[in-house]
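Start at 1 and go down the list; that is how both ligands and their atoms are numbered.
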Amino acid sequence: MPARDRLICALDTPSLERAVALAHDLAGAVGALKLGLEFFTAQGPAGVRRVAACGLPLFLDLKLHDIPNTVAGAVRAALELPVAMLTLHAQGGAAMLEAAAEARAAAGRPEVRLLAVTLLTSLDEADLARMGAPGRVEERVARLAELALRSGIDGLVCSPGEVAMLRARFGPKPLLVVPGIRPQPQADDQKRTATPEAVLAAGADRLVVGRPITRARDPRAAAEALLAVLEGGQKR
Ligand code: C5P
């Protein structure tokens, strides 16, 4: 895979103007753009189409989680849009995940990658205990990952610290998409971060980078610097 295709920039903004400006600026420097709940709630499908018109593939990070019938309907609606990747919560269970995979097949969009989020990285063992499901985070992530991959889902969104474990358990096939990337230490809300080189070496397929690009003085230059690092990492 060319290094550029590995780099996904997260456009976490409710502003159409800002998203379109970044999409133009980053064209050719990243492999895809991620639009999430913030953008989708503010700008809807028309906003997604407008960003897609800038030319980069889109990762629609809606983290769908509902009963199977509702999620199948949401997948059908999302696949009316020019998206390349779509996320669901593995915690929706096997029937929900299978319904999503069936909806994709019925829509005739087999090329769209369905990705599962296992356990939100904002949750820790104390949260699991409070939720009535005590246990180790790693074990729960692995079980949810297995459930998703057995239910027709193509890959997983996972934290830097989970990549090596998931690659070792599930082999080369699942697509592993990894946020929480920090080229340099940064004081923000991400606690479990890693450098792009380390995440690539651990077995990640694609890296999601938001603020280190979008908040840089020159976002395109920041993306190009990351690309150079990824290219170096791939050669090693
Ligand atoms: O700005 P930053 O690089 O932290 O952006 C990371 C992106 O990845 C954000 O869109 C965030 O919502 C998303 N994400 C994450 N951790 C997860 C799943 C998704 O940071 N476990």
Side-chain angles (χ1 to χ4, degrees), residues 6-15 18-19 22-23 25-26 29-43 47-48 51 56-65 83-92 113-125 127-128 137-138 140-142 144-145 148 153 155-166 174-200 202 204-217 219 222-223 225-227 229-230:
R6 293 188 184 274
L7 186 57
I8 301 173
C9 182
L11 302 185
D12 291 312
T13 172
S15 159
R18 171 133 176 87
L22 278 164
D25 195 21
L26 295 172
V30 301
L33 298 171
K34 182 170 90 70
L35 295 173
L37 283 172
E38 185 180 7
F39 181 84
F40 193 75
T41 304
Q43 301 297 339
V48 173
V51 175
L56 283 164
L58 292 187
F59 172 1
L60 193 55
D61 187 16
L62 296 183
K63 298 189 176 71
L64 301 173
H65 188 179
V83 299
M85 286 169 274
L86 180 66
T87 49
L88 309 109
H89 270 289
Q91 287 183 90
R113 300 296 85 187
L114 295 179
L115 303 171
V117 172
T118 55
L119 201 61
L120 290 171
T121 46
S122 49
L123 300 174
D124 61 17
E125 264 155 46
D127 292 306
L128 290 184
V137 166
E138 186 178 297
R140 199 154 165 81
V141 166
L144 287 164
I153 300 304
L156 305 160
V157 179
C158 63
S159 78
E162 293 159 0
V163 182
M165 178 274 286
L166 292 170
L175 197 64
L176 297 182
V177 178
V178 186
I181 310 292
R182 290 293 175 269
Q184 278 104 35
Q186 233 158 36
D188 57 31
D189 62 344
Q190 292 279 25
K191 293 196 180 77
R192 280 169 279 168
T193 62
T195 62
E197 302 93 307
V199 170
L200 204 59
D205 295 296
R206 291 172 151 234
L207 282 60
V208 176
V209 183
R211 288 162 289 177
I213 295 175
T214 59
R215 295 209 180 154
R217 215 169 299 135
L226 268 159
L227 263 190
V229 168
L230 294 185

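Listed by chain and residue number, nothing satisfies the side chain to side chain donor-acceptor pair (under 3.5 Å) test with Asp124 (two or more places apart in sequence, or in another chain). Contacts of Arg18 classified as side chain to side chain donor-acceptor pair (under 3.5 Å), with partners at least two apart in sequence or in another chain: none. Residues passing the side chain to side chain donor-acceptor pair (under 3.5 Å) test with Thr87, sequence neighbours excluded: Asp61.
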* After noting the C-alpha distance and the side-chain angles of Lys63 and Leu120, does the key distance pass the side chain to side chain contact (heavy atoms under 4.5 Å, CB included) rule? -> CA-CA 10 Å; Lys63 298 189 176 71; Leu120 290 171; 4.3 Å; yes
Please tabulate, one line per pair, the protein nitrogen or oxygen atoms found under 3.5 angstrom from a nitrogen or oxygen of ligand 1, with distances to 0.1 Å, or say none if there are no such pairs.
residue, atom, partner, partner atom, Å
ligand 1, 1 (O), Arg211, N, 2.7
ligand 1, 1 (O), Arg211, NE, 2.7
ligand 1, 3 (O), Arg182, NH1, 3.0
ligand 1, 3 (O), Gly210, N, 2.8
ligand 1, 4 (O), Arg182, NH2, 2.7
ligand 1, 4 (O), Gln190, NE2, 2.9
ligand 1, 4 (O), Arg211, NH2, 2.8
ligand 1, 10 (O), Asp12, OD1, 3.2
ligand 1, 10 (O), Asp12, OD2, 2.7
ligand 1, 10 (O), Lys34, NZ, 2.8
ligand 1, 20 (O), Gln190, NE2, 2.7
ligand 1, 21 (N), Thr121, OG1, 2.8

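The backbone N or O of Ser15 lies less than 3.5 Å from no partner atom in the side chain of Gln43, so there is not a single donor-acceptor pair.
Pro219 places a side-chain heavy atom less than 4.5 Å from the side chain of Leu22.
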